[in-house]
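Only this structure's heavy atoms are used, side chains among them; waters, hydrogens and symmetry mates stay out.
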Amino acid sequence: MPGNILYAQSGGVTAVINASAWGVISAARKSRRVGKIYAGKDGILGILHEQLIDVGAESPRELRKLMHTPGGAFGSCRLKLPDPKKDDRHYRRLIEVFRAHNIGYFLYNGGNDSQDTTNKIAKFCQNAGLKTVCNGIPKTVDNDLVETDCCPGFGSVAKYIATTVAETRRDVASMSRTSTKLFIIEVMGRHAGWIAAAGGLAGEPGGPIMVAFPEIPHSPGKFIAAVRARIAKHGYCCVVASEGIVDRKGRFLSERDTKDSFSHAQLGGVAGVLAEECKTALGVKYHWALADYMQRSARHLASLTDLEQAEAVGRVATELAIKGVGGIMPAIIRTNECPYRWQVKPVSLAKVANRERHMPRKYISKDNYYITAACRRYLTPLISGETYPPYRDGIPDFANLKLASVKKLLSDWRI
C-alpha cells in the first residue's frame, strides 16, 4: 500500500517557500509509491493536533499558483520540540498521527531549528520501528544554514533590499541639500549580516552607502565618524543596518523584553537607535525605516535564481524520500562562479541542525562598513533574473486554497 506524504512549513516564511511546496506536490504526484498528499496546518503544531490538509482536494489551477504566491500557503509556526530524551510526548504523538494516516514520507520546510526538529523526528521514528522517511527542506531569508551555498528565500529578500536601497538612495540624494542627509533602513538578520550585505550591491566602494553588520560590534564613535565622512563627501549617507547589531559586550542594541518559542529575543528598532546617535552628534535631519515583513513577502520582486532553487530543493527532498533516502536536507552546491552554475546534493541533517553560518570576514571591508568584491561576486548571481507573478485588476493574482481538512482519527491532543 503506497504511503501518504505529509509536508509542513515552519518558521518565518519567504517569497518563495510555496515554490518548495509545489516541488513536493509535483514530485509526489508523479510517483506510484505515494498515496495521498497532505499538509500540516500551521506546521508541526497542526500535525500534533491532527490538523491535516488534503492537498488533493485543491484545484490544480490554484496549486500551480503556489510558484508565485508568497507567505506560507498551509500556515507556519514557531515551535521548538523538547529533547526526546527528557520529554518524548510530542514525538509519541507525532508517531500516532503518522500511523493513523499512513504517513510514509514526512517533509519539513524550514531553517536551523526546523532542520533540528526534522532530525529529532527522523531518529525517533527509526528507534520506534516506524518506516516513515523524514527529510528537511531548507528555507531561511537569513541565509545562515550551513552545508549549503545559499538558502532558498534569501535571494529574493536580497534582491528586494538591493533594489530598495538603489531607489531610496536616489530619493535622499535629490533632497539632501536642504532636507534629509541620513537615511537608515533596518533589515532582518539576527546573527548573520547576509541581508544587510545585499544592500551594498546598490552602491560602490567609497560611496554614500554604509552597511552595519551583526558580526562587527557596534562602536558609536567609529559609526558616527563614518557617517560624517560620507555626508561630507557626498552630501548624504544611506545606512543598511542589520537588526542583530550588538555592542562590545555582545548585547543587542534593539533587544526587547519578549522572546519567541525558541527563546530568541524579539528585535526591532535598531535603526532608530542609530539615528538618535547621529542626530545627537551630527545634528542632521534623518529618516529611518524597517523593511520588516515587506522584505520577505515581496514576491513581485523575487529572484528567478531563488525561485528555481526553492522548487528544486522541495522536489529533490521528495524524490529522495520516495527512494527511501531519509535524514537528509537537499543542499545547494555552487559548481561554477562565472557563469553561475549550481546543483542540489543531499547532506545529513545532523550536520545542519542548530548551526549558523555567519558572514566571512573576507566579505566585509577593512573599515567594517561595506562589502568586498568577493562578497559582491557571491551575492550577484543569487539575485539574478526576474519572475513576475501574473496580475489581475492591477495586483498580483495569488493562490486561493480551500485548505480542506482531513478527517481526524485520534482523540484530541493536550500537552
Side-chain angles (χ1 to χ4, degrees), residues 3-13 21 24 35-55 72 74-140 145 258-266 317 321 324 326-329 348-356 403 405-415:
N4 298 328
I5 198 163
L6 177 57
Y7 164 81
Q9 299 170 324
S10 174
V13 293
V24 171
K36 296 181 178 179
I37 305 173
Y38 297 145
K41 186 179 186 300
D42 302 327
I44 201 76
L45 183 63
I47 299 173
L48 287 166
H49 287 279
E50 202 189 357
Q51 296 172 331
L52 308 185
I53 295 165
D54 184 0
V55 177
F74 303 106
S76 184
C77 72
R78 295 189 188 277
L79 180 66
K80 187 175 181 64
L81 298 188
D83 183 343
K85 294 179 181 179
K86 298 178 180 178
D87 183 357
D88 67 355
R89 288 174 293 174
H90 293 77
Y91 303 91
R92 286 189 283 109
R93 172 62 175 187
L94 289 172
I95 284 181
E96 286 182 353
V97 175
F98 289 174
R99 283 179 171 151
H101 294 276
N102 188 33
I103 304 301
Y105 317 98
F106 172 62
L107 300 161
Y108 206 30
N109 200 172
N112 311 71
D113 294 306
S114 303
Q115 304 307 321
D116 176 57
T117 295
T118 311
N119 190 42
K120 289 176 179 175
I121 295 172
K123 289 181 177 179
F124 198 88
C125 286
Q126 185 178 26
N127 293 336
L130 193 67
K131 294 183 178 180
T132 302
V133 180
C134 304
N135 284 337
I137 302 174
K139 173 271 337 168
T140 176
L145 285 170
T258 55
K259 295 182 182 294
D260 64 20
S261 61
F262 295 116
S263 296
H264 298 155
Q266 183 176 351
I328 61 93
M329 181 196 82
S348 170
L349 284 170
K351 292 183 177 181
V352 182
N354 286 325
R355 296 177 61 197
E356 285 183 319
L403 304 180
S405 298
V406 175
K407 182 180 179 180
K408 290 187 176 184
L409 303 175
L410 302 171
S411 57
D412 291 343
W413 181 73
R414 292 182 177 83
I415 186 66

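- For the pair Arg89 and Asp87, the salt-bridge criterion is met [side-chain N within less than 4.0 Å of a carboxylate O].
- Atom CG of residue Leu94 and atom CD1 of residue Ile121 lie 5.0 Å apart, to the nearest 0.5 angstrom.
- Residues Ser10 and Ile44 form no side-chain contact, since every pair of their non-hydrogen atoms from C-beta on lies 4.5 Å or further apart.
- Considering Val133, Val352, Asn135 in turn, Asn135 is the only one that fulfils the side chain to side chain contact (heavy atoms under 4.5 Å, CB included) rule with Ile328.
- We find the SG-OH distance between Cys134 and Tyr105 to be 12.0 Å, quoted to the nearest 0.5 Å.
- Between Ser405 and Gln51, every side-chain heavy-atom pair lies at or beyond the 4.5 Å cut-off.
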Show your reasoning for whether side chain to side chain contact (heavy atoms under 4.5 Å, CB included) applies to Val97 and Leu410. CA-CA 8 Å; Val97 175; Leu410 302 171; 4.0 Å; yes
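- Side chains of Asp412 and Arg414 form a contact here, defined as non-hydrogen atoms less than 4.5 Å apart.
- Panel note: side chain Gln115, backbone Ile137; a donor-acceptor pair is recorded below 3.5 Å.
- With a 4.5 Å cut-off on side-chain heavy atoms, Ile37 and Asn4 do not count as touching.
- Listed for the Asp54 side chain is no donor-acceptor partner under 3.5 Å among the backbone atoms of Val406.
- Here the side chains of Ile5 and Leu107 are in contact, with some heavy-atom distance below 4.5 Å.
- Contact record, Leu45 with Cys77: N-SG, 3.8 Å, taken as the closest heavy-atom pair.
- Residue pairs meeting the side chain to side chain donor-acceptor pair (under 3.5 Å) criterion with at least one partner in residues 41-50, sequence neighbours excluded, are Glu50-His101.
- Residue Thr118 holds its OG1 atom at 6.0 Å from CG of Leu349, rounded to the nearest 0.5 Å.
- Counting heavy atoms from C-beta on, the side chains of Tyr91 and Glu96 never come closer than 4.5 Å.
- Note: Tyr7 and Tyr38 fail the aromatic proximity criterion, with ring centroids not under 6.0 Å apart.
- The NZ atom of Lys123 sits 8.0 Å away from atom NZ of Lys85, with the distance rounded to the nearest 0.5 Å.
- Applying the 6.0 Å contact sphere to NZ of Lys131 captures no more than 12 heavy atoms from other residues, nucleotides or ligands.
- Going from atom OG1 of Thr132 over to atom CD of Gln126 covers 12.0 Å, rounded to the nearest 0.5 Å.
- The backbone N or O of Gly43 lies less than 3.5 Å from no partner atom in the side chain of Ser76, so there is not a single donor-acceptor pair.
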Evaluation steps, side chain to side chain contact (heavy atoms under 4.5 Å, CB included), between Asn102 and Lys36: CA-CA 9 Å; Asn102 188 33; Lys36 296 181 178 179; over 6 Å; no
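- Formation of a donor-acceptor pair under 3.5 Å by the Lys139 side chain with backbone atoms of Gly12 is found in this model.
- The closest side-chain heavy-atom distance from Leu6 to Phe98 is below 4.5 Å.
- In terms of modelled atom types and a separation under 3.5 Å, the side chain of Gln9 and the main chain of Phe74 share a donor-acceptor contact.
- In terms of modelled atom types and a separation under 3.5 Å, the side chain of Arg93 and the main chain of Leu48 share a donor-acceptor contact.
- Annotation: the span from Asn112 atom CG to Thr117 atom OG1 amounts to 11.0 Å, rounded to 0.5 Å.
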Checking Leu145 against Met329 for the side chain to side chain contact (heavy atoms under 4.5 Å, CB included) test, could you report, in this order, the C-alpha distance in whole Å, the side-chain angles of both residues, the deciding distance, and whether it holds? CA-CA 11 Å; Leu145 285 170; Met329 181 196 82; 4.3 Å; yes
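- Pro84 and Phe124 make their closest contact through CB-CD1, 4.0 Å (heavy atoms, listed as atom of the first residue, atom of the second, distance).
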